[in-house]
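To start, the structure under review is shown below, and the notes come after it.
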2 protein chains.
Amino acid sequence: MTTMDHLPHVQSGPALLDALRRKILSEDVELGVPLSEAQLAQEFEVSRTPIREALRQLQAEGLVEIRSKVGTFIREPDHREMAELFQIKGNLEGLAAGLLAQRGPVSELEALQANIEDSERAAEAGDAELYSRLVHEFHWTIVQGADNRKLVEHYSRLMNQLAYHRLVRTSLQQKGRIRASTGEHERVLEHIVGKDSMRAEMTMRQHVASSAASTMNEIALREGA
Amino acid sequence: MTTMDHLPHVQSGPALLDALRRKILSEDVELGVPLSEAQLAQEFEVSRTPIREALRQLQAEGLVEIRSKVGTFIREPDHREMAELFQIKGNLEGLAAGLLAQRGPVSELEALQANIEDSERAAEAGDAELYSRLVHEFHWTIVQGADNRKLVEHYSRLMNQLAYHRLVRTSLQQKGRIRASTGEHERVLEHIVGKDSMRAEMTMRQHVASSAASTMNEIALREGA
DNA sequence: GTCTTCTGTGTTGTATGCAACATGAGGATG
DNA sequence: CATCCTCATGTTGCATACAACACAGAAGAC
């Protein structure tokens with residue numbers, strides 16, 4: 001391709017940002033180094049300008065790191081950062097669980113109950129893929145059920161930084177965790193249904209802490225190999 | 001100005017971003033509407049391109065809202081958003097206080113003690129300006145003392161969205177709050193020094209809730225006038 | 001008088017060209 | 001052989017030109 005033919009843009013502003021974010025969060029991109037603006041411009045069939053703007057936003061979101069005059073790199077949290085992010089994750093999800101407990105009977109409660117039942121079936125069937133998807137859905141449902149849009153916003157950013165999708169698969173390798181995790185989910189939901197905000201929060205927080213410990217342990221093992 | 005003379009830039013990338021953020025957070029900008037790219041470009045003596053990139057980042061931070069083909073506007077949280085943000089603020093600061101309590105004797109504890117003493121003097125002297133600055137410093141010291149960089153990062157974003165600087169002056173108009181606030185600070189510090197992580201967290205959270213309620217009440221009164 | 005339509009003006013959205021710099025490979029030098 | 005220097009190459013950073021659109025206000029129809 002030599003010159004842009006001024007054809008209609010395949011992806012415009014916000015759509016391009018989403019596409020780029022998905023591409024980065026997806027694991028189909030070389031983790032080491034690349035992400036050149038020109039290359040992305042070709043791939044998305046736009047000029048470098050909108051690509052640059054999108055990358056700047058992703059940098060503000062903590063997803064990439066732009067080293068001036070060098071290149072744009074996917075940001076990977078190290079052990080410390082991951083521990084820090086998990087700490088915040090537990091706190092925010094705890095807040096969400098507590099708020100949800102205070103809301104009374106809303107539709108999210110049924111969704112959570114159904115999720116737990118589906119999770120148990122998936123666990124028995126040994127469908128790890130489905131199970132991890134359900135776990136993700138459980139946590140996310142709680143956060144959205146808190147009825148706090150800003151919380152959803154900040155939580156979303158946090159999860160992006162964690163690159164959580166890359167971890168969930170890992171975290172469930174340990175067979176023992178699955179049963180424990182489901183049990184913890186049940187207890188969290190019990191406290192929520194019982195409108196026990198405090199216990200719901202604390203149980204949720206401990207659940208996240210356990211899950212985080214398991215995940216980070218698994219990652220350490222993998223890196224050691 | 002007609003053409004750029006290719007002189008050295010007065011403000012470059014990150015510096016420009018900071019300058020713009022300060023300008024927006026500072027109250028010297030018309031809240032209603034403006035923020036045209038061309039205008040900012042003239043003011044900072046750069047072309048529109050870096051201005052645009054900075055604005056996109058500020059949008060990602062939640063400080064401004066870019067309405068396509070219309071203009072860039074300073075984002076002002078409404079009542080609901082403010083309540084939501086305060087809820088998260090309390091939770092994050094609670095987390096920070098709890099973490100700080102677990103750290104043992106670090107330099108931040110002395111800083112907090114000194115801050116309380118200074119605050120009491122400022123309160124007696126009736127220096128509202130100094131007092132509000134010290135309150136801000138107290139909270140910020142706790143967050144930084146948690147030794148969690150990601151927490152600092154997310155907390156910073158949250159505070160920017162709250163446009164907290166515009167509120168602190170308001171929140172302290174109520175004379176009764178000053179004494180109560182200082183007392184709450186003291187109790188928080190007591191629990192931190194006593195390494196009582198749980199009580200430190202809860203006390204901090206309640207303190208933020210009280211402060212938030214007072215602030216939002218004051219704002220409601222002001223808007224009614 | 002009211003509603004509709006149209007056009008002017010200002011804004012952002014994008015493409016492109018060029019300058020500045022970081023980096024690494026290769027040769028010159030001791 | 002080691003070290004430093006030079007420069008070729010690729011990248012981002014910025015300035016500019018132009019296109020596309022939103023909105024308001026005026027002109028026109030009824």
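Each chain gets a letter, A, B and so on, in the order its sequence line appears, and its residues count up from 1. Treat the numbers as computed from the prediction; the structure is a model and nothing was measured.
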Length of the line joining [X]:[atom1] and [N]:[atom2], which is rounded to integer Å:
X       : N      : atom1 : atom2 : answer
A:Leu16 : C:dG13 : CG    : P     : 13 Å
A:Phe73 : C:dT23 : CZ    : C1'   : 11 Å
A:Ile51 : D:dT12 : CD1   : P     : 11 Å
A:Gln42 : C:dT16 : CD    : C1'   : 15 Å
A:Leu40 : D:dT11 : CG    : P     : 11 Å
A:Glu65 : D:dT12 : CD    : C1'   : 14 Å
B:Gln57 : D:dG13 : CD    : P     : 10 Å

(message) Do B:Leu151 and A:Asn91 make a side-chain contact, defined as non-hydrogen atoms from C-beta onward lying under 4.5 Å apart?
(response) no

(request) May I ask you to test the B:Asp147-B:Leu100 pair for a side-chain heavy-atom distance under 4.5 Å? (result) no

Hey, what are the protein-to-nucleotides 8-12 of chain C N/O distances that come in under 3.5 Å?
from   : atom 1 : to      : atom 2 : distance (Å)
C:dT12 : OP1    : B:Glu37 : N      : 3.3
C:dT12 : OP2    : B:Glu37 : N      : 3.4
C:dT12 : O3'    : B:Lys69 : N      : 3.3

(request) Check for a donor-acceptor pair, side chain of A:Arg48 on one end and backbone N or O of A:Ala41 on the other, with a separation under 3.5 Å. (result) no

(request) State whether the side chain of B:Glu65 and the backbone N or O of B:Phe73 hold a donor-acceptor pair below 3.5 Å, judged by distance alone. (result) no

Exercise: do [X] and [Y] side chains pair donor with acceptor under 3.5 Å:
X        : Y        : value
B:Glu184 : B:Gln206 : no
B:His185 : B:His207 : yes
B:Ser197 : B:Gln102 : yes

(request) Tell me, with the steps shown, if A:Glu129 and A:Arg133 meet salt bridge (charged side-chain N to carboxylate O under 4.0 Å, His left out). (result) CA-CA 6 Å; A:Glu129 183 67 30; A:Arg133 216 165 49 78; over 6 Å; no

(request) Would you mind reading off the bend of the helix from C:dG1-D:dC30 to C:dG30-D:dC1 from its two end axes, five pairs each, to 10 degrees? (result) 0°

(request) Would you check, one step at a time, whether the test salt bridge (charged side-chain N to carboxylate O under 4.0 Å, His left out) holds for B:Glu53 with B:Arg56? (result) CA-CA 5 Å; B:Glu53 291 175 353; B:Arg56 298 313 252 273; over 6 Å; no

(message) Please determine whether a side-chain nitrogen or oxygen atom of B:Ser47 lies at a distance below 4.0 Å from atom OP1 or OP2 of D:dA15.
(response) yes

